[in-house]
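Given the structure is predicted, the values throughout are model-derived calculations rather than measurements.
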Amino acid sequence: MDYKVNNISYKYTKDGEEVLKNVSFSIEKGKVTAIVGPSGCGKSTLVQILSQVIPKLISNGVLEGSFDVPKDTFVSVVSQTPENQLFGYGVEDAIAFGLENIGMSQKEIVERMEYVLNLLNLQYLRKRSVDNLSGGQRQSVCIASVLAMKPDILIMDEPVSSLDPNGKKMVQDILGELSGSGNTIVLVDNNLVWSAEVVDHVVGLLDGEVVFDGSKDEFFRNFELQKKLGVILPQEVELYRALSKQFPDIDLLYTVEEAFAQLRGRVEKKETLRKISSEENESIIQVQNLVKQFNDGFTALSQVNAELPKGKVIAVLGQNGSGKTTFVKHLNGLYKPTGGDVLYKGTSILGKTVAQISKNIILVFQHPEHMLFEETVEKELTFCARMQNVPFSEKRITEVLEKYHLAGEKQTFPLNLSMGKKHMLTILSVLFSSADVIILDEPTLGMDGFLIEELEKMIADLKAAGKTVIMISHEIPLVFRVSDYAVILNKGQKIFEGTKESLVEREDIFDEINIMMPPVVQLSKKLGFDEVVFQVDDFIKKVSAQKKA
């Protein structure tokens, strides 16, 4: 039988606005249901109701309607912030915590532990401290701790936002296996890039109401609704949306292979030698023989050297645990190296405090809760400026809030914003700082398609203003759209540094880190374009120019 969501409405206070309005749909047993919708549409509130956090733990709101499931149905949630769900010093403690709480025998706990560690390829982490794991590794452990409980309904709220492409593919495969074995999964995530292959059913929320309830294929053919909901689509589906205007008979496609199969007979292949431009860049940060070893003996960085160019957008890439966040935390002084040096404009930063360094180099954390201190959005926006005695005007505050659609939230308590808006606010606050190097660690966490578009524009504006932007992100198509330069780490060592144009010619590097190039890059190479393209719009222009008569 299916699980029924029946006319659920909810207000956080008796006098407040309805966050959810008569929400009804079915969760099909043994299927993967994706709940999508823009930031602030009510998705996370719905998760709290389905998992009974509302009304059991949060009981002061007004809830109408019901979630109809059999009496002993066990619902478990993987939250979008793993720190809130991991208990215990070590990885084994974190996984065992929930099992011990339900009184499971030690023998069965050991069996479940081995099951999830093997399932998620986490045996290598079992003796590590949770505190010293990367964000993606923590998220993997969080998923393991929930899967160990073997729930009847597994709800995953943005479960892979910190995972590298390998981790996302692994979770996708596991969800496919679980679904194939009759398990019921609900994904609450506006990013369908990683899950498109396993999703069966899509529910679209807008302003607290259901505006779509149907199959995955129906949703991916509904271009207008995709845009309205700000859903982040696989680049292959974006290509289908754009190509269908050129070729009305083209079929819905989900993979590069399907795209190539349909395009190769319609586009003339031109075998042209691609030119790779090289330019001399002035470096703003120099990293010299950087070594970092943690107290538990783990070496996170080993003899890393890099010359980060001034005024460019620089991507730091690599799988989870490769040392990316450790690397950037040395650039703003949060970590002191075991060996080596970091120079800013030719001068070592090692003797300076984080506060001193932040006047020039500022880091925006991947979890916004770690950076929100103030009582209102307005105060949070100007926090950096006030700490650094940088002048600002009311006019400038109003301009930024209006430009990034936060004017109505001016007096809101920042932690009450949706995850995507919280993240955007922490990034906006650095616009008021004196720093000329801005480091963004997984900036798209919790963002819908609308916010990611705003983020792209902001990065372009920062670059135009002469700022240097250093970005860690696992959203590979985004990285290739906005970046000029890349540093790639693997197991704590630098294995590549250079322009993105030279990077896309190094397929061996992508093989080594096991990351796929963006679909438009792969296709432009397969179709023999005279230059590699990084955006869907540029790809369509090339297709138009080479379209067979």
Side-chain angles (χ1 to χ4, degrees), residues 277-285 306-317 328 331-332 344-345 357-364 381-385 388 390-393 395-407 420-421 423-444 447 449-473 475-487 497-504 518 520 531-539 541:
S277 61
S278 61
E279 56 180 282
E280 290 293 322
N281 292 307
E282 176 190 353
S283 65
I284 192 166
I285 293 177
E307 301 257 349
L308 306 182
K310 183 180 179 181
K312 302 292 184 183
V313 180
I314 302 155
V316 181
L317 301 176
V328 299
L331 307 186
N332 82 323
Y344 168 73
K345 293 185 175 178
I357 296 168
S358 69
K359 292 178 180 178
N360 305 116
I361 305 167
I362 199 161
L363 168 63
V364 180
L381 187 66
T382 60
F383 179 82
C384 289
Q388 297 175 347
V390 176
F392 58 88
S393 65
K395 183 184 176 188
R396 175 70 174 140
I397 292 170
T398 302
E399 283 175 356
V400 170
L401 289 174
E402 287 180 351
K403 182 174 182 179
Y404 294 97
H405 313 293
L406 285 169
K421 287 183 177 178
H423 214 152
M424 181 59 83
L425 178 59
T426 60
I427 297 168
L428 288 173
S429 70
V430 306
L431 299 183
F432 288 79
S433 80
S434 59
D436 58 359
V437 178
I438 291 137
I439 305 170
L440 305 176
D441 191 355
E442 295 292 351
T444 60
M447 289 189 177
F450 301 121
L451 287 171
I452 288 176
E453 280 183 24
E454 297 292 347
L455 175 67
E456 288 189 49
K457 290 174 191 170
M458 187 196 304
I459 290 172
D461 289 345
L462 288 168
K463 180 183 171 185
K467 307 274 189 181
T468 302
V469 179
I470 300 170
M471 181 174 71
I472 295 175
S473 178
E475 301 302 326
I476 302 301
L478 169 70
V479 165
F480 277 86
R481 285 200 301 273
V482 303
S483 66
D484 308 295
Y485 197 83
V487 173
E497 180 181 351
T499 65
K500 69 177 176 185
E501 288 80 11
S502 54
L503 175 58
V504 295
V520 290
E531 62 177 343
V532 174
V533 297
F534 303 100
Q535 307 209 42
V536 170
D537 289 349
D538 293 334
F539 183 86
K541 286 175 189 171

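Residues meeting the side chain to side chain contact (heavy atoms under 4.5 Å, CB included) test with Asp441, sequence neighbours left out: Thr325, Leu363, Gln366, Ile472. A search for ring pair (Phe, Tyr, Trp, His ring centres under 6.0 Å) contacts involving Phe432 returns nothing, not counting sequence neighbours.
Atom OG1 of residue Thr398 and atom CZ of residue Arg396 lie 11.0 Å apart, to the nearest 0.5 angstrom. The line from CD of Gln535 to CG of Leu478 is 10.0 Å long, rounded to the nearest 0.5 Å. Between atom CD1 of residue Ile452 and atom NE2 of residue His423 there is a gap of 11.0 Å, rounded to the nearest 0.5 Å. Atom-to-atom distance recorded for Leu428:CG and Ile397:CD1 is 12.0 Å, nearest 0.5 angstrom.
Within the 4.5 Å cutoff, side-chain heavy atoms of Val437 are placed close to those of Tyr344. With a 4.5 Å cut-off on side-chain heavy atoms, Phe480 and Val504 count as touching. Contact annotation: the side chain of Glu454 never approaches that of Ile427 to less than 4.5 Å [non-hydrogen atoms, C-beta and beyond]. Counting only heavy atoms from C-beta outward, the side chains of Asp461 and Leu431 never approach each other to under 4.5 Å.
Remark: the backbone N or O of Leu308 is not paired with any side-chain donor or acceptor of Ser283 at under 3.5 angstrom. With hydrogens and angles disregarded, a donor-acceptor distance shorter than 3.5 Å links the side chain of Asp484 to the backbone of Val313. Lys467 places a side-chain N or O within donor-acceptor distance of the main-chain N or O of Ala435, the cut-off being under 3.5 Å. Looking at Thr499, its side chain does come within 3.5 Å of a backbone N or O of Ser502 through a donor-acceptor pair. A donor-acceptor contact shorter than 3.5 Å links the side chain of Gln388 to the backbone of Ser358.
If you run salt bridge (Lys or Arg N to Asp or Glu O under 4.0 Å) between Asp436 and each of Lys463, Lys359, Lys345, only Lys345 comes through. Put simply, the residue from Lys500, Glu497, Glu307 that forms a side-chain hydrogen bond (donor to acceptor under 3.5 Å, both in side chains) with Tyr485 is Glu497.
Pairs passing the salt bridge (Lys or Arg N to Asp or Glu O under 4.0 Å) check and including a residue from residues 423-434, sequence neighbours excluded, do not occur.
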